[in-house]
Amino acid sequence: MPIRQMKESSEQHLVIKSHLQNTMNTVQRPPKTAQNGRGPPQAHEPHNNTKQPHNQATSPPSKNRGRRRGRGGKKSDQLDVCMRPSSRPCTVAHKPVNQASCGMEMGFPTSSKSLNFAPRPGYGQVGTKCIVKANHFFAQLPDKDLNQYDVTITPEVASRTVNRAIIAELVRLYKESDLGTRLPAYDGRKSLYTAGELPFAWKEFVVKLVDEEDGINGPKREREYKVVIKFVARANMHHLGQFLAGKRADAPQEALQILDIVLRELSSKRYCPIGRSFFSPDIRAPQRLGDGLESWCGFYQSIRPTQMGLSLNIDMASAAFIEPLPVIEFVAQLLGKDVLSRPLSDSDRVKIKKALRGVKVEVTHRGNVRRKYRVSGLTSQPTRELVFPVDDNSTMKSVVEYFQEMYSFTIQHTHLPCLQVGNQKKANYLPMEACKIVEGQRYTKRLNERQITTLLKVTCQRPRDRENDILQTVQHNAYDQDPYSKEFGIKISEKLASVEARILPAPWLKYHETGKEKDCLPQVGQWNMMNKKMINGMTVSRWACINFSRSVQESVARGFCNELAQMCQVSGMEFNPEPVIPIYTARPEQVEKALKHVYHASMKTKGKELELLLAILPDNNGSLYGDLKRICETDLGLISQCCLTKHVFKISKQYLANVALKINVKMGGRNTVLLDAISCRIPLVSDIPTIIFGADVTHPENGEDSSPSIAAVVASQDWPEVTKYAGLVCAQAHRQELIQDLYKTWHDPVRGTVSGGMIRDLLISFRKATGQKPLRIIFYRDGVSEGQFYQVLLYELDAIRKACASLEPNYQPLVTFIVVQKRHHTRLFAHNHRDRSSTDKSGNILPGTVVDSKICHPSEFDFYLCSHAGIQGTSRPAHYHVLWDENNFTADGIQSLTNNLCYTYARCTRSVSVVPPAYYAHLAAFRARFYLEPEMQDNNSSTGAGSGQAKGGGTKAAGESGVRPLPALKENVKRVMFYC
């Protein structure tokens, strides 16, 4: 087949992927380049190569570890706030905290090897004891030696599937002879594992692999591979046993990795493996999601070390896959129109190219030959106009002629463009009608609202149904019959683990004395505002409303605003029933003009600024919401509350009550507080001034290669109430998980070295708001995976230390650092689904259910807490892992505090599933993505020097990350919970 070489790219891209270091592997290999393949006729259109930067963060050097010794701090710029303690009614005693050791160096580890996470201080006792079931299945430890071998395949293969086929053929040929009857498990890359030693330490094999895609009639292609297997190390099973018994703190990752690979081996052959999950259209019939996509069901599987020993965590999973359709049919679904008779527009071509780039297709015009290719682009010309050179003399031939002469295939729809397939060096033509999408390709881009709704309906299972599906999956996988499990001596129980749990009591909530109900005890995680008034209702005297919805008439908008104003008054706010100017109607595309008009028109009345802007938006409003928030919060300094058209027409008291709650906290008020907080009865919070932080980092969606990640940190600004949280946000390098701006210094021409950062600024604002300096820090960190625990703790705890020391010499409040995880696969089920007293209305376990034994870590301080009542589907408990604890919390202390805080979430009268400071940080980070410059959002690019944050004194000095800073939040916005 004629192929013309494309001009090679002048840039060479090297992608380095990080992996958990396997201590058994002592040999490091340089990366190798992938090989090129063959293809059909070549395209003339060049590829646009986008350079993808690789950012790597490094942690600053830290001190050696010691159990909470003081740390001396160099006196530095303290801005306008001196961090001195002052009196406060709730302070029991102002005794110094570890003052005797304040002159010592702070004990802080230099590396993960010298760092031990907080040990479990004991087990919780508070609450009503009960039994729950968990989707963990006990795995019996093997009594055999586990060995690791290095695998080198020449020529090197990039595909795991091909690698597995090579090793499978090797095992078929040599198992009974050279391999000594061993059945090895293979990771698809460089490592092979056996139970017991192979008869050799090093051996070379030759394996021939037949290309089964070459059809059944003609001769098949045969490729020869050289495979070298070399002994590397033996896994320490005694170490694993000691770790599971809680006698060693360091997990033997290599042994766990081997067992995980062994248990995945058979499923990897049966199903489509993606990450730690396996999918198949045979598990349950795929459901169409629209636009050429379908949902596949599958299961997640992972081996985990727990207190009961090794545990196999199994959960149900669903994912969107590209439907294996003929390409023309896929395109028709994607565009939602007939493409056989009508020409494609430029926008159609862009949409098709975006959807199909990177997708694997197989040809259908060659009978039994089903060659596969990956789509790299789409031609700008229709097929009938495409020609290519067939020899060195530049003799040209059309694609239509070529396929007719070469394959006797007549292209019917010559008005359609061709697919471009191949790699960067080659691009070749394939007619759409000659291609079909290969089955089993996961869709990784963003789903639209309709697709998300359909997928959620498929994945949303009641607890009893989910439990049954998990049990059926375990039985279907038949681990007792798995040849690999047998070979390695691993036995898996088929029963869900029964776990002791406790149901923590709900906290009493305090409301205003003028209401009929002055306090409230939530029932099953819920309560309402009936007969209650906000404990700190704010005053709204000057407000305005903009109506961006064409379907909402002015009289309807006015009626809605009146109802909302009345609800705010009933709830305990002082709310002027009349806006300062008449309701203003505007078109969505003129959002900036409308906002500025209302802002300036309101200023003309009595010369005072607006306190609140209400905005009525269309139900489907595109970028309007984000544009409005960006302009209001970073340009005009307006607090805004948006309401959708559907809620304006169908006025619900519940909806209005929830909006009133949001408005009050945005204005700086409090809706409710914990009765124990104002009564100074919360252990390790009420005794000395305590600040509670929440932190999160949100990353760009899949497919966005360069747009920045957004970090957000919130901190409580009241004590002892711990209810109001100020928030700061900053942009940082793409996919960077460590929060870069927690603490930083830069050089100022006048002041010299200046200290700043989000922790420092929030400590200062706490001091301004309360008159106290925090003597205790509780830091809830969201969004960290287990593999990042060490790195995040080392970097961010060090930043907290430096931020404190920069404010005052020897100022080192006691720190408790807790990671909050929601993206895990542990589910808890009622022991008896028929017992209504043990479940909520949705059939889920009761709010307040906490588990800290059996399925938790063998020695570290972690627990699962289901703090919310389920609405639909199966509730996911939050997993809290205390990595560092200088405050010496008991298990009951941190579990009760966390559960109680979940009842203080400002936006609704329900307990929430994640502790509010972490929830607020997530909301703030999500909000800040709207602040990105429009060109950064459109082009997924982040250019310009500097690293800044939307916060306090505006944008900080330029950093080295190359990330454009976010626009600064206005002063009046950053002081309140604008993100609610």
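Numbering of residues begins at 1 and proceeds along the displayed sequence. Values below: every heavy atom of this structure, side chains too, minus hydrogens, waters and symmetry copies. No experiment lies behind these values; they were computed from the predicted model shown.
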Where do [X] and [Y] come nearest, in terms of heavy atoms and distance?
| X | Y | result |
| --- | --- | --- |
| L628 | A615 | CD1-CB, 3.7 Å |
| I411 | E433 | CG2-OE1, 3.3 Å |
| P708 | P700 | O-CG, 3.5 Å |
| L334 | A355 | CD2-CB, 3.6 Å |
| A928 | I710 | CB-CG2, 3.6 Å |
| V438 | P324 | C-CB, 4.5 Å |

Would you indicate whether the side-chain heavy atoms of [Y] and [X] approach each other to under 4.5 Å?
| X | Y | result |
| --- | --- | --- |
| L416 | P382 | no |
| L430 | V375 | no |
| V914 | H922 | no |
| P155 | R223 | yes |
| R587 | F548 | no |
| N621 | T645 | no |
| F299 | D469 | no |
| H415 | R384 | yes |

Would you say the side chains of [X] and [Y] form a donor-acceptor pair under 3.5 Å?
| X | Y | value |
| --- | --- | --- |
| T459 | S318 | no |
| Q451 | T454 | no |
| H825 | N313 | no |
| E362 | Y373 | no |
| Q287 | S295 | no |

Flag the pair F279 / Y271 as yes when their ring centroid distance falls below 6.0 Å, and as no otherwise.
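Here the rings of Y271 and F279 have centres that are no less than 6.0 Å from each other.
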
Hey, do the aromatic rings of F930 and Y625 have their centres closer than 6.0 Å?
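Between Y625 and F930, which both carry aromatic rings, the centre distance is below 6.0 Å.
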
Any donor-acceptor pair under 3.5 Å linking the side chain of [X] with the backbone of [Y]?
| X | Y | answer |
| --- | --- | --- |
| Q441 | I322 | no |
| E294 | R288 | no |
| D619 | K646 | yes |
| K445 | K354 | yes |
| R374 | V421 | no |
| N163 | R189 | no |
| R370 | T364 | no |
| Q732 | L738 | yes |
| Q821 | R823 | no |
| S709 | R735 | yes |

Are more than 12 heavy atoms, taken from residues, nucleotides or ligands other than [X], located less than 6.0 Å from that residue's [atom1] atom?
| X | atom1 | value |
| --- | --- | --- |
| D346 | CG | no |
| Q872 | CD | no |
| R446 | CZ | no |
| F409 | CZ | yes |

Carboxylate-amine/guanidinium proximity below 4.0 Å for [X] and [Y]:
| X | Y | answer |
| --- | --- | --- |
| R264 | D187 | no |
| E329 | K436 | no |
| E405 | K397 | yes |
| D260 | R276 | yes |
| D348 | K337 | yes |

Determine, stepwise, if the pair F388 / V390 fulfils side chain to side chain contact (heavy atoms under 4.5 Å, CB included).
CA-CA 6 Å; F388 62 94; V390 293; 3.7 Å; yes

Report the distance from atom [atom1] of [X] to atom [atom2] of [Y], rounding to the nearest 0.5 Å.
| X | Y | atom1 | atom2 | result |
| --- | --- | --- | --- | --- |
| L386 | Q381 | CG | CD | 5.5 Å |
| I283 | H476 | CD1 | NE2 | 8.0 Å |
| N477 | L266 | CG | CG | 8.0 Å |
| H365 | C435 | NE2 | SG | 8.0 Å |
| L335 | F330 | CG | CZ | 9.0 Å |
| R366 | Y407 | CZ | OH | 4.5 Å |

Step by step, work out the side chain to side chain contact (heavy atoms under 4.5 Å, CB included) result for I470 and M316.
CA-CA 6 Å; I470 290 170; M316 303 314 295; 3.9 Å; yes

Step-by-step salt bridge (charged side-chain N to carboxylate O under 4.0 Å, His left out) determination, D782 to K822:
CA-CA 8 Å; D782 195 6; K822 282 289 282 183; over 6 Å; no

Determine whether L644 and I616 satisfy the following criterion, side chain to side chain contact (heavy atoms under 4.5 Å, CB included), listing intermediate values before the conclusion.
CA-CA 6 Å; L644 293 177; I616 298 172; over 6 Å; no

I'd like to know whether L325 forms a side chain to side chain contact (heavy atoms under 4.5 Å, CB included) with Q333, so could you lay out the CA-CA distance, the side-chain angles of the two residues, the decisive distance to 0.1 Å, and finally the verdict.
CA-CA 10 Å; L325 299 168; Q333 278 201 32; 3.6 Å; yes

